Amino acid sequence: MSDFDREYESIASLLDNFKVSMDSLIQTLLEIEGIQFHSVTSRIKSKSSVRQKLQRPDKRRDLNDLTDMFGVRIITYFPDEVDVVAKLIEREFAVDQENSVDKRSILDPDRFGYLSLHYVLQLKPERAALPENRSYKDIRFELQIRSILQHAWAEIEHDIGYKSSSGVPDAVRRRFSRLAGLLELADDEFLGIRNELARSASSTRSRVADIRPEVERILAHPAITGLPDWDKRWSEQEYLAYTAMTDPRFTLLDRVLLEIPSSRGRFEPCDLLGPSGELIHVARVRNSAKFSHLFNQALVSTEILLDSANARQALIRAVEDCGNGRMLPTDFYPREVVLAFPSEDGKIVSAQRIPAFSHFTLVRVAEALEERNIALRIAGIKER
């Protein structure tokens, strides 16, 4: 293995874990601020792409100088939300202003798809000082923000290989210009429609009131898991270990990471596997951010298992490796997800226990799972 290969693998291994952390952090920050977004995606630059970039004569040949080894892209629904997201990113991360650029202000008028914000970021010192982030303090990464129509243009443009006006026939350039104008007009029109609908709905009930019945519907069918009481002195890890140790019906999968198919990443399928194969996610949650993180984490891990037979087989092997004699069927398929947390209400959780803002996330997650015939249950855990 060459020095380049070893260095790349070392950095990529660190970025695997950083990717999981950043995906969760950025989505949580957006949800806490109430910012609507289409998607948050990320990638680690492939070895071949890095090698090719370093071989370019205009680039320095030090792999550590690259700022785009890891990249995040935030796609918004509307163009005005790009700036809203940008303000949040500038507040929460350290921005390398010299290497960051607002391409909306510098590119040719026919380059609609690249009217996006490009940031080079690092963790702020206070966030980098947290124990779980100390190994990430020197990582620089790229983050792009664009609207969904800008993204669609950019993806098609990339696919057909149009990068610059050099060597492109005038007739083709004119067609690109017309399309750029149409897409920009569509972006503005969608924005106008959204604002008009918002004005017309100003006299209706608040969204919180509208969504409350859906939350009550979800809570009306609590999980029946037999989870033990939670000693207030215990951490989450201690509670999970105690549960699996005292009741062999539960299998401990906390911190068991499975490979994500077609990706360098890993994921935790759940904290506990229940007696009937329930995917149980447990957390001591105190605020909206913690609740939203719990809900989203459950959705993402479940979707990976639903979409990938390889991921399900990895879960089957992980359960067998736990050594308690439990075996899942070879055709195991999740049917129920349980979100469990301490509750003063006991095992029956009231809507008041969950912060109002997290109601939206809960309903979204429940609907996404129900569309795939997966039941979402809530379980309160009595603290003592």
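Just so we're clear, the structure is a prediction, and the values are computed from it rather than from any experiment.
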Determine yes or no for a side-chain-to-main-chain donor-acceptor pair under 3.5 angstrom, with [X] supplying the side chain and [Y] the backbone.
| X | Y | value |
| --- | --- | --- |
| H281 | V338 | no |
| D247 | T243 | no |
| S308 | I304 | no |
| E9 | R6 | no |
| E303 | S301 | no |
| D271 | V282 | yes |
| T76 | F78 | yes |
| E31 | F357 | no |
| R127 | E92 | yes |
| E81 | Y77 | yes |

If you take all heavy atoms of [X] and [Y], which pair is closest and at what distance?
| X | Y | answer |
| --- | --- | --- |
| R353 | V285 | NH2-O, 3.1 Å |
| L149 | A186 | CD1-CB, 3.7 Å |
| P269 | L258 | CG-CD1, 3.8 Å |
| P342 | W230 | CG-CE3, 3.6 Å |
| F37 | I35 | CD2-O, 3.4 Å |
| N287 | P355 | C-CG, 4.0 Å |

Side-chain heavy-atom pair [X], [Y] within 4.5 angstrom cut-off:
| X | Y | result |
| --- | --- | --- |
| R266 | N17 | yes |
| Y136 | F141 | no |
| H38 | H151 | no |
| L123 | F93 | yes |
| I74 | L30 | yes |
| L306 | P334 | yes |
| I211 | F360 | yes |

Run the salt bridge (Lys or Arg N to Asp or Glu O under 4.0 Å) test on E33 and K87 for me, step by step, so that the C-alpha distance in whole Å, both residues' side-chain angles and the decisive distance to 0.1 Å come before the verdict.
CA-CA 11 Å; E33 292 295 312; K87 289 180 181 178; over 6 Å; no

Could you go through the side-chain hydrogen bond (donor to acceptor under 3.5 Å, both in side chains) check for Y119 and E90 one step at a time?
CA-CA 9 Å; Y119 285 115; E90 290 177 5; 2.5 Å; yes

For the residue pair [Y] / [X], report whether a side-chain donor-acceptor contact shorter than 3.5 Å exists.
| X | Y | result |
| --- | --- | --- |
| S100 | H118 | no |
| N99 | E142 | no |
| Q122 | R140 | no |
| T251 | R326 | yes |
| S2 | D5 | yes |
| N373 | R335 | no |
| S288 | S358 | yes |
| S48 | S46 | yes |

Does atom [atom1] of [X] have more than 12 heavy-atom neighbours from other groups under 6.0 Å away?
| X | atom1 | value |
| --- | --- | --- |
| E7 | CD | yes |
| E126 | CD | yes |
| K45 | NZ | yes |
| F190 | CZ | no |
| L130 | CG | yes |

Flag the pair K19 and D23 as a salt bridge only when some basic side-chain nitrogen lies within less than 4.0 angstrom of an acidic carboxylate oxygen.
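Answer for the salt bridge query: yes.
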
Would you mind checking if R233 and E383 are paired as a salt bridge, meaning a charged N to carboxylate O distance below 4.0 Å?
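No, E383 and R233 are not salt-bridged.
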
Spell out, yes or no, whether L88 and V120 are grouped together once hydrophobic residues are joined by side-chain heavy atoms under 4.5 Å, including indirect joins.
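Shared cluster, no.
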
For the pair R194 and D80, evaluate side-chain contact (heavy atoms from CB on, under 4.5 Å) and give the outcome as yes or no after the intermediate values.
CA-CA 11 Å; R194 183 204 66 184; D80 65 336; 2.6 Å; yes

Which of parallel (below 30°), tilted (30 to 60°) and perpendicular (above 60°) describes Y239 and W234?
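Y239 vs W234 ring planes: tilted.
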
On the 0 to 90° scale, with breaks at 30° and 60°, tag the F295-F291 ring pair as parallel, tilted or perpendicular.
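The arrangement is tilted - the two ring planes meet at 30° to 60°.
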
Test log, rule side-chain hydrogen bond (donor to acceptor under 3.5 Å, both in side chains), inputs S24 and H293:
CA-CA 7 Å; S24 174; H293 178 72; 2.8 Å; yes

Candidate pair R217 and E370, rule salt bridge (Lys or Arg N to Asp or Glu O under 4.0 Å), full reasoning
CA-CA 13 Å; R217 178 186 66 81; E370 287 168 2; 3.2 Å; yes

Criterion side-chain contact (heavy atoms from CB on, under 4.5 Å) on L253 and L272, from CA distance to verdict:
CA-CA 5 Å; L253 294 174; L272 295 166; over 6 Å; no

Find the distance between [atom1] ([X]) and [atom2] ([Y]) and round it off to the nearest 0.5 Å.
| X | Y | atom1 | atom2 | answer |
| --- | --- | --- | --- | --- |
| I193 | E196 | CD1 | CD | 9.5 Å |
| N133 | S21 | CG | OG | 5.0 Å |
| R249 | L227 | CZ | CG | 8.5 Å |
| D16 | I11 | CG | CD1 | 12.5 Å |
| L376 | L339 | CG | CG | 5.0 Å |

Does NZ or CZ of R312 fall inside the cone over Y333's six-membered ring, less than 6.0 Å from its centre and within 45° of the axis?
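No, R312 does not lie over the aromatic ring of Y333.
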
Using the salt bridge (Lys or Arg N to Asp or Glu O under 4.0 Å) rule, take R146 and D187 through it: C-alpha gap first, then chi angles, then the decisive distance, then the call.
CA-CA 11 Å; R146 59 170 64 133; D187 236 350; over 6 Å; no

Between K382, R384, R284, which is the residue that forms a salt bridge (Lys or Arg N to Asp or Glu O under 4.0 Å) with D231?
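For D231, the salt bridge (Lys or Arg N to Asp or Glu O under 4.0 Å) test succeeds with only one of K382, R384, R284, which is R384.
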
Could you walk me through whether L14 and S135 pass side-chain contact (heavy atoms from CB on, under 4.5 Å), step by step?
CA-CA 8 Å; L14 177 63; S135 58; 3.9 Å; yes

From the options V72, V20, L143, select the one residue that forms a side chain to side chain contact (heavy atoms under 4.5 Å, CB included) with S42.
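Answer to the side chain to side chain contact (heavy atoms under 4.5 Å, CB included) test with S42 among V72, V20, L143: V72.
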
